[in-house]
There are 2 protein chains.
Amino acid sequence: MDEDRIDFVFKALAHPERRRILAFLHRQGEQSLFEICAFSHADGGQPLARQTVTQHLDMLERAGLIEISWKGRTKAHSVNLGPLREAIARAVGTYL
Amino acid sequence: MDEDRIDFVFKALAHPERRRILAFLHRQGEQSLFEICAFSHADGGQPLARQTVTQHLDMLERAGLIEISWKGRTKAHSVNLGPLREAIARAVGTYL
DNA sequence: AAGTTATGCAGTAAAATTACTGCATGTCAA
DNA sequence: TTGACATGCAGTAATTTTACTGCATAACTT
């Protein structure tokens, strides 16, 4: 993994709402934007505008941590843990 | 570890220069601010003002990733990997 | 004591992030 | 086909981050 991608992964993890969303997708599997918004509102999260959630999802996607597939008019988001594992492996190899 | 501290750790790791400094301290052991600045200038790093390096070190310290001890007028920085291990353990426990 | 060295503190500017609103577009369902 | 639904796109404002400059302070050295 190149350093740019590593950087995107750490930046993506640097916001609590994005970590919450990532954990949610990991528990629930594929979820649409609306479902993610609903979760974001409930479960202790401060209510964010749908477009704001989209921005967070964009950063997760840029890091390769989520993947998108379209089903008609709904966008399905699923977690890809590969980049997270690689980032952790890098950290472990460097520091531990 | 509380969520705030976790958040500081991920935020601290979200800048490549801070990860470089952390790896440097881990290799070299205790280093002064000036030594860290010298490393920052050399070794491919873009030259940053001393005060800018201090700001990065402040964020690493806020996360508990480095610790300070004064020897006369020089400030000795050393790595503390505890919070990094806890953050990784949290990530592993949550996602993997 | 005076000069040099290592660092701190305050203020500022540019850039990135975070969050918003308003409007547009494509898709499904009645 | 028309209306509701799921999402995109553009523009903006507030906040945070990043990096800077200038000056101040405290500690060694000579």
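In what follows, chains carry the letters A, B, and so on, assigned in the order in which the sequence lines appear, proteins first and then strands, with residues in each chain numbered from 1.
For the pair B:W70 CH2 and C:dG8 C1', the computed distance is 8 Å after rounding to whole Å. Spacing between atom NZ of A:K75 and atom P of C:dT27 amounts to 14 Å, rounded to whole angstrom units. Spacing between atom CG of A:L57 and atom P of D:dC9 amounts to 14 Å, rounded to whole angstrom units. Between B:R18 atom CZ and D:dT17 atom P there is a gap of 9 Å when expressed in whole angstrom units. One interatomic measurement links the two molecules: CZ of A:R50 to C1' of D:dA6, which rounds to 7 Å at whole-angstrom precision. Atom-to-atom, CZ of B:R73 to P of C:dG8 comes out at 13 Å; the value is rounded to the nearest Å. When the C1' atom of C:dT7 is taken as reference, atom CD of B:E35 falls 14 Å away, rounded to whole Å. Between B:E17 atom CD and D:dC20 atom P the separation is 10 Å, expressed in whole Å.
For the pair B:H56 and D:dA19, the criterion of a side-chain N or O lying under 4.0 Å from OP1 or OP2 is met. Phosphate contact (OP1/OP2 of C:dC28, side-chain N/O of A:K71, threshold under 4.0 Å): absent. Between B:T52 and D:dC20 there is a side-chain N or O to OP1 or OP2 distance below 4.0 Å. Checking the phosphate oxygens (OP1, OP2) of D:dT15, no side-chain nitrogen or oxygen of A:H15 falls inside 4.0 Å. Contact between the side-chain N/O atoms of A:Q46 and the OP1/OP2 oxygens of C:dA19 is found at a separation under 4.0 Å.
For B:L22 against B:V79, the heavy-atom pair with the smallest separation is O-CG2, 3.7 Å. The two residues A:E30 and A:S69 make their nearest non-hydrogen contact at OE2-OG, 3.7 Å. Taking every heavy atom of both residues into account, A:K11 and B:A14 meet most closely at NZ-O, 2.8 Å.
Base engagement by B:Q51 is indicated by at least one non-hydrogen atom pair under 4.0 Å involving a base atom. Within the 4.0 angstrom heavy-atom criterion, only backbone atoms of the sugar-phosphate kind lie near A:T74; the bases stay farther away.
Residues B:K75 and B:E35 are not paired through a salt bridge, judged by the lack of any N-O separation under 4.0 Å between the basic side chain and the carboxylate.
Looking at which nucleotide of DNA chain C each of B:Q55 and A:R62 is closest to, the 5′-most match is held by B:Q55. In this structure, A:K11 and A:L33 both approach DNA chain D, and ranking their closest nucleotides by distance from the 5' end singles out A:L33. Comparing B:M59 and A:A76 along DNA chain D, the residue whose closest nucleotide (by nearest heavy atom) sits nearer the 5' end is A:A76.
Side-chain proximity of B:S32 to D:dT18, C:dT7, C:dT18: nearest is C:dT7. In the set D:dA19, C:dA19, D:dC23, the nucleotide with an atom closest to the side chain of B:L48 is D:dA19.
B:H56 pairs in a side chain to side chain donor-acceptor pair (under 3.5 Å) with only one of the listed residues (B:R20, B:R18, B:E61), which is B:R18.
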